[in-house]
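One structure below.
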Amino acid sequence: MAEIKVPDLGDSITEGTLHKWHVKQGDAVKQGDVLAELETDKVNLEIAADEDGVIEQLVREEGENVLVGEVIAILGAGGSSASAAPAASSESASAEPQVAAAVEAPAKPAAAQAAAPVPAAVPAPDKDTYATPGARRLAREQGLDLKSVQTRDPLGRVTQDDVEAQARVRTAGTPSQAAAPAPQAPKASAYTDQFAGKAVDIQKMSRRRQTIAKRLVEAQQTAAMLTTFNEVDMTAIMDVRKRRKDRFKEKYEVNLGFMSFFTKAVIGALKAYPLLNAEIAGDELIVKKFYDIGIAVSAKEGLVVPVVRDADRLGFAEIEKEIVELANKARNNSLSISDLQGGTFTITNGGVFGSLLSTPILNAPQVGILGMHKIQMRPVGVDNERIELRPMMYIALSYDHRIVDGAEAVSFLVKVKELLEDPESLLLES
């Protein structure tokens with residue numbers, strides 16, 4: 001018999017939510033089979049079987065919070081279920097004379113006769129962890145102590161049928177209880193009455209959404225956050241993409257997107273203004289000499305920021321491939337904790353959703369985040385005499401004013417603008 005435990009989730013994560021079971025009690029599993037899906041503050045993780053066996057017990061239910069190292073299931077040997085069957089048969093056979101004797105015993109009160117005795121009953125173990133999830137749930141609803149429930153399982157596990165039988169015995173034995181009205185189901189939310197007569201859908205926030213909300217509020221409360229804006233003429237980049245995209249796709253098997261240009265421009269600006277690549281640790285300032293750029297990705301469960309490692313050492317094609325791979329993993333809930341840790345600066349693109357302008361919130365403990373927006377054709381004065389329609393994008397830099405002065409932040413954003421408007425310079429300065 002083996003215990004299935006919550007694995008180590010990383011230095012900063014101590015618990016998660018049991019999001020979904022992929023198996024049920026009695027299922028035979030092989031080594032490597034996915035047993036459950038665990039939702040953490042950052043990603044969803046799969047818990048797999050370390051060996052072959054049969055699921056003897058699901059200790060924790062879907063939706064429950066579990067700690068690292070906590071037992072969530074019991075895995076028995078492959079033949080445990082088969083061996084249990086004959087044991088149960090022999091036990092029930094030996095119990096038949098006892099049942100017959102009970103029939104010949106003096107008559108009992110009618111109320112007691114209404115509920116058939118549980119054959120071959122054995123006391124339930126002291127620990128309620130030997131009950132199935134359904135049994136625990138039903139016991140809570142019925143107000144029953146699992147220690148008082150008798151079970152027919154040869155291993156002493158309390159099942160839902162056992163709890164139902166015990167509830168019938170209690171009801172038959174106490175007429176006053178039988179006459180009492182059934183307990184009302186708890187309200188879905190404390191706010192149900194507030195919307196009486198109105199159609200609402202009250203949902204529990206996922207663990208990741210709760211964490212996102214908490215971290216965004218903390219970022220606003222702990223940092224002296226300001227945002228500065230500029231705009232970029234995207235003509236040159238769009239011309240490069242138009243001329244090179246087919247050859248680029250043919251050679252590297254990935255599209256030439258805008259994000260690689262922006263990543264390179266950010267790296268060039270970070271090298272010129274290194275305080276945007278720093279963080280505050282107590283009363284110390286840590287200025288990082290490496291460039292792990294976080295790319296914000298919208299996934300089903302909420303925004304995540306996977307990290308492109310050592311982006312300054314990657315070419316355009318390598319950056320594009322890395323971003324595509326991380327984005328796919330984010331949408332498939334297959335990101336690992338290491339994919340999300342340690343970014344030094346973040347880029348977020350609200351333009352893909354049509355945003356024209358926004359003020360991005362810092363991804364703590366980072367002190368800078370660049371916001372990209374929708375490309376829009378606008379009239380631009382190209383010199384003192386001409387006005388032309390150009391593809392323009394507003395860009396925004398949110399920064400921590402505790403360590404980054406306004407002049408440095410503005411200069412950083414101007415540097416990003418200059419590099420983007422002269423794509424050839426990206427090869428020299430990033």
Side-chain angles (χ1 to χ4, degrees), residues 1-88 125 127-138 151 153-162 204 206-208 297 299-302 304 306 325-341:
M1 185 172 68
E3 296 178 332
I4 306 299
K5 298 182 179 180
V6 178
D8 184 14
L9 303 174
D11 295 336
S12 60
I13 301 179
T14 59
E15 67 173 7
T17 299
L18 189 53
H19 180 64
K20 182 179 180 180
W21 278 111
H22 291 278
V23 295
K24 59 183 181 296
Q25 185 172 322
D27 284 355
V29 298
K30 294 184 178 180
Q31 183 180 9
D33 285 353
V34 176
L35 306 180
E37 188 175 333
L38 188 70
E39 183 184 27
T40 72
D41 296 345
K42 297 181 178 181
V43 296
N44 284 19
L45 301 174
E46 293 180 341
I47 299 178
D50 293 330
E51 57 186 76
D52 297 353
V54 174
I55 301 296
E56 289 193 354
Q57 182 183 1
L58 301 182
V59 178
R60 303 305 296 268
E61 300 179 41
E62 292 181 358
E64 291 187 332
N65 291 338
V66 291
L67 300 175
V68 170
E70 185 174 350
V71 177
I72 61 172
I74 303 297
L75 182 66
S80 60
S81 292
S83 61
K127 296 183 179 179
D128 60 5
T129 53
Y130 287 94
T132 65
R136 289 201 304 274
R137 186 187 306 110
L138 184 60
T151 176
D153 191 297
L155 298 178
R157 292 170 297 192
V158 179
T159 67
Q160 187 169 340
D161 291 340
D162 297 329
K204 181 177 175 60
S206 67
R207 172 177 288 272
R208 187 180 303 171
V297 177
K300 182 180 179 180
E301 295 294 330
V304 291
E325 181 180 351
L326 291 171
N328 287 335
K329 290 172 70 175
R331 296 182 181 108
N332 295 331
N333 276 330
S334 59
L335 284 170
S336 65
I337 297 297
S338 60
D339 290 327
L340 302 168
Q341 293 178 331

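Residue numbers start at 1 and run along the sequence shown.
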Taking all atoms of both residues into account, what is the closest heavy-atom pair of [X] and [Y], and its distance?
X	Y	result
A36	L18	CB-CD1, 3.8 Å
V304	A330	CG2-CB, 3.7 Å
V34	E46	CG2-OE1, 3.5 Å
G32	A48	O-CB, 3.7 Å
E51	L75	O-CD2, 3.5 Å
L38	G16	CD1-C, 4.1 Å

Examine distances only and state if a side-chain atom of E62 and a backbone atom of W21 form a donor-acceptor pair shorter than 3.5 Å.
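Yes, the answer is positive, given that a donor and an acceptor are paired below the 3.5 Å cut-off.
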
For S338, which residues count as a side chain to side chain contact (heavy atoms under 4.5 Å, CB included) partner, sequence neighbours excluded?
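Checked S338 against side chain to side chain contact (heavy atoms under 4.5 Å, CB included); matches are S336.
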
Taking side chain to side chain contact (heavy atoms under 4.5 Å, CB included) as the definition, give me every residue that meets it alongside E325, ordered by chain and number, with sequence neighbours left out.
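Side chain to side chain contact (heavy atoms under 4.5 Å, CB included) check on E325 returns E322, K329.
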
Crowded around D50 CG? As in, over 12 foreign heavy atoms under 6.0 Å?
no

Check: K5 and I72 side chains under 4.5 Å, non-hydrogen atoms:
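No, every pair of side-chain atoms sits at 4.5 Å or beyond.
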
Excluding sequence neighbours, so at least two apart, what forms salt bridge (charged side-chain N to carboxylate O under 4.0 Å, His left out) with D27?
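Expected list: K24.
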
Going by the side chain to side chain contact (heavy atoms under 4.5 Å, CB included) test, name the single residue among I47, V59, V6 that passes it with V66.
V6

Could you measure the distance from the CD1 atom of I55 to the CD atom of Q25? Nearest 0.5 Å is fine.
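Reported to 0.5 Å precision, the distance equals 9.5 Å.
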
Output, in order, the C-alpha distance, side-chain angles, deciding distance and verdict of side-chain contact (heavy atoms from CB on, under 4.5 Å) for H22 and L35.
CA-CA 5 Å; H22 291 278; L35 306 180; 6.0 Å; no

